[in-house]
J.: 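Have a look at the structure that comes next, please.
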Amino acid sequence: MSDSSIAGVLAALRGSFRARFEGAATEQALRDENAKILGKKGELTAILKQMGSIPADARKAVGEQVNAVRREVETAFEECLVALARAQREADLQAAPFDLSLPGREVAPLGHAHPISIVRDEIVDILVSLGFAVHDGPEVELEENNFTKLGFPPDHPATDMQDSFWVKVAGAPDDARTLLRTHTSNIQVRAMSSHEPPMAFIAPGTTYRRDDDATHSPMFHQIECFLVDRNVTMAHLKGVLGEFAERFFGAGTPVRLRPSYFPFVEPGAEVDVGCPFCKQPDGTRPGCGVCKRTGWIEILGCGMIHPVVFESCGIDPETWSGFALGMGLERVAVVRYGIPDMRLLFENDPRFLAQF
Ligand code: PHE
């Protein structure tokens, strides 16, 4: 290539590169255009490669011209790059704004509360709406609060090694008798020892016994409910039970009390609700495998608080009376959802848990 034709190519390039850059609509197009000029096989690169063939006396002048054009091209490329970015940003700002109300992408699989927690929360809501306040207490408890003050005789079978998990608490005296609470009735003792009557409390919680079969798990859940006031009678207890059954199990759910014995109540009763598994369209319950052919399922123990319990908590049984009940949450969940085997509740099988 002669120096005059090099000058021609340079002049043509100088006259056109700006328009070529400005015509590029995207960054990629701009970079491609730039590569056609300054890339390995670019037009200006081709000229640079020719420099050796130019007569020595003209080389310097031509070289300066080529370098001048190269700088112009480089500068224009940078400017166009910035202009494109600015235009893009401007377009983004002008475009319809993000819809911040669009729901996010779901993180699957989403968990939910365990059925025991679901029924616990519902029961707490119902009883709180009837005026009971929630009282908390420890799962590791003194024998005194779990048994003695509730009037358990020292030889009562429930206090036996067969039934309780006795634990050693670090730092406690050697003769301290401590266990995992076997029921939530320890909260009766704690609340009555620390509050002046009248009082109305519920206490949901985890409880432990050394049982393990189809209908007993060594770890289970109860909710205690008790009320202390003047002139409380069994009728108040029945009223709360009936209201609870209607709201939790549905209108028309039958409830029955059967006389029973607990050391801390007198009289005492066990409470059954109508079995949902064999309920017929006409409301009769002929009995089935789940309710042992009786048409009833036991869900709780209850009774009038024993004077001995009041005395051990410093409350005068001549002035005050009250009722207490302790409900098994697993039992209630089984009845509510028609769960055929209580053990399913603690096997953590997602195919089971996903159904709630
Ligand atoms: N604590 C008893 C139990 O676990 C239930 C109960 C509570 C009975 C309150 C009467 C009154 O079996």
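Ligands are counted one by one from 1 in listed order, and the atoms in each one are counted from 1 as well.
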J.: Would you confirm whether the ring centroid of F264 sits within less than 6.0 angstrom of the ring centroid of H183?
T.: yes
J.: Any carboxylate oxygen within less than 4.0 angstrom of a Lys/Arg side-chain nitrogen, looking at E90 and R86?
T.: no
J.: Check whether the ring centres of Y337 and F356 lie less than 6.0 Å apart, and answer yes or no.
T.: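 Yes: the rings meet the under 6.0 Å criterion.
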J.: Is the distance between the ring centroids of F201 and H195 less than 6.0 Å?
T.: yes
J.: Give the protein residues with at least one non-hydrogen atom closer than 4.0 Å to an atom of ligand 1, ordered by chain and number.
T.: H183, S185, Q188, R209, Q222, E224, F262, F264, V265, G301, C302, A324, L325, G326
J.: Is there a donor-acceptor pair under 3.5 Å between the side chain of E246 and the backbone N or O of G252?
T.: yes
J.: Under the side chain to side chain donor-acceptor pair (under 3.5 Å) definition, can you give me all pairs with a residue in residues 293-302, not counting sequence neighbours?
T.: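 Residue pairs passing side chain to side chain donor-acceptor pair (under 3.5 Å), neighbours aside: none found.
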